[in-house]
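Quick notes on the structure that follows.
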Amino acid sequence: MKETVEEQQDFVKDIHKMSEDFDRWYTDVVRKAEMADWSGVRGMMVVRPYGWAMWEAIQRAFDDMIKESGHENWAFPLLISRSLLVKEAEHIEGFGPEVAWVTKAGADMEELEEPLAVRPTSETIIGNTIRRYIQSHRDLPKLTNQWNSVVRWEMRSRLFLRSREFWWQEGHTFHSSAQEAIAEADLILSYYRSIAEDWLAVPVLVGPKSPAETFPGAVHTLTLEALMRDGLALQMGTSHYFGQNFARAYDISFSNQSNERELCYSTSWGITTRMVGAIVMAHGDDSGLIVPPRVAPVQVVVVPIFRDADSRAKVESFIASWSPELKAAGIRFRVDWRDERPGDKYAHWELKGVPLRLNVGGRDADAQQVELVDRLSREKRPVPIAGIGRTLASELDGFQKRLYERALAFQRANTYELSSLAEVVAHFKDKVGFVWATWCGDAECEARVKAEAGGVTIRTYDPQEQPAGKCLVCGKPAAHRVAFAKAY
């Protein structure tokens, strides 16, 4: 889907079917559900309140996790001098094609003495700054994080998944030993897994990237890989162990316990607003979004049904009698009093993926009950208002679990075990999903799979597993059992 088409497209009356055109379906849902839109500046998106509220829920959850383990939030500059950025050659080489530069300023467009990069990531500025505050082993570990946006000059854009500016957190930590830094990268990966599985209800594969897929400048990269409903993989987060590479480039050193100067060991890690896009693609259906309750901006929507002023007053009084119980139970709910027909309201909230809907009319008030409609199962049933706060809290917990189980069943149904390159190539001509196979660890064999199977890459592998068998490409003894997939 071309960027120019995306940015000129008007809102559609109907959502394209997922099964017929997944790309158009995705864009339709994101825009019509009021999550995000294009800004008018090529490749730059506007995140609307409904989409931003999901990102805020992710932010709060992860921020609580890292603060509990001693991390602190900082703020660092948007602009980085060219001389600083190029200090770490491998790093800038990896980002070079995507870096945006500021070369002029002021009304007269005066040339700057030195070009300034709009941060594509912040290792360089953070490393150069943090070294001022590290003198001794007593100053370590230094556990920093920042919530910000970065700019990468992408040529093909897609709302939430790939835009020239996106929002994320980037953690950067500095340690006195390799073991401690490696443990840090592992810890963050476990936090990311919790965000994906416990909060977003998205099952993931976790583990290291192959050397060819490792972040520029890192010793190793750990990844979080999820399967979307079109069968493509989505990288949802990464955690990198840098060893002493960045410390060497920026002279980040400390006096160890033997009073000798030693370079720090460092890590870097990040999750982005791409996770909001993952919610759409991992759970949605032909009617729109299905939002996990733990991150849903609206968990329960109440639709009043009435014919005249008297019946409205009756329904309004009834809702007012029990809605405080929902608030006390911590349920995020909204009563939809808009001047629209009930059917239009149903469609509106179904598109937005609100987990539970309560239909409330005069007869419901008389019966002291509401009609509960489940977005996932579409079941309708009466629910007494006695203890409704506890009832709905339990329903939301069950919804979250069922949504995860549904996504896990989809992942398992689209995961395959193959043993040869010919089988992998044939598979990806007609199918997608995760394909597990054995690999010798040779970069040439990895590159051959990518070339012959149409861009298929190794997403991750288990470094602890010692597989039997031979490499799917060359027939040498296998070093790893790896997951292949086509990916976003």
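For the side-chain contact (heavy atoms from CB on, under 4.5 Å) criterion with Ile134, the lone passing option out of Ser255, Ser176, Cys264 is Cys264.
Under a 4.0 Å N-O distance rule, the pair Glu405/Arg412 does not qualify as a salt bridge. Note on Lys352 versus Glu34: salt bridge recorded, some NZ/NE/NH1/NH2 to OD/OE distance being below 4.0 Å. We find that Lys67 and Asp63 are joined by a salt bridge, their nearest charged nitrogen and carboxylate oxygen being less than 4.0 Å apart.
For the atom pair CZ of Phe76 and OG1 of Thr129, the computed distance is 5.5 Å after rounding to the nearest 0.5 Å. The NE2 atom of His220 sits 7.5 Å away from atom OG of Ser239, with the distance rounded to the nearest 0.5 Å. For the atom pair Cys445 SG and Lys450 NZ, the distance stands at 15.0 Å (nearest 0.5 Å).
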Point to revise | ring-ring contact (aromatic ring centres under 6.0 Å, His included) between Tyr265 and His175, worked out | key: CA-CA 5 Å; Tyr265 298 83; His175 305 264; 8.8 Å; no

Check your understanding: So Trp269 and His71, ring-ring contact (aromatic ring centres under 6.0 Å, His included) or not? Walk me through it.
Key -> CA-CA 13 Å; Trp269 26 272; His71 298 76; 5.4 Å; yes

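A side-chain donor from one of Asp230 and Tyr488 sits under 3.5 Å from a side-chain acceptor of the other. Side chains of Asn148 and Trp168: a donor on one and an acceptor on the other come within 3.5 Å.
Within a 6.0 Å sphere centred on CZ of Arg82, heavy atoms belonging to other residues, nucleotides or ligands number 12 at most. The number of heavy-atom neighbours closer than 6.0 Å to CD of Glu444, taken from other residues, nucleotides and ligands shown, is 12 or below.
Applying the salt bridge (charged side-chain N to carboxylate O under 4.0 Å, His left out) test to pairs two or more places apart or on separate chains, none has a residue in residues 243-261.
The main-chain N or O of Arg294 is found under 3.5 Å from a side-chain atom of Gln400 such that the two form a donor-acceptor pair.
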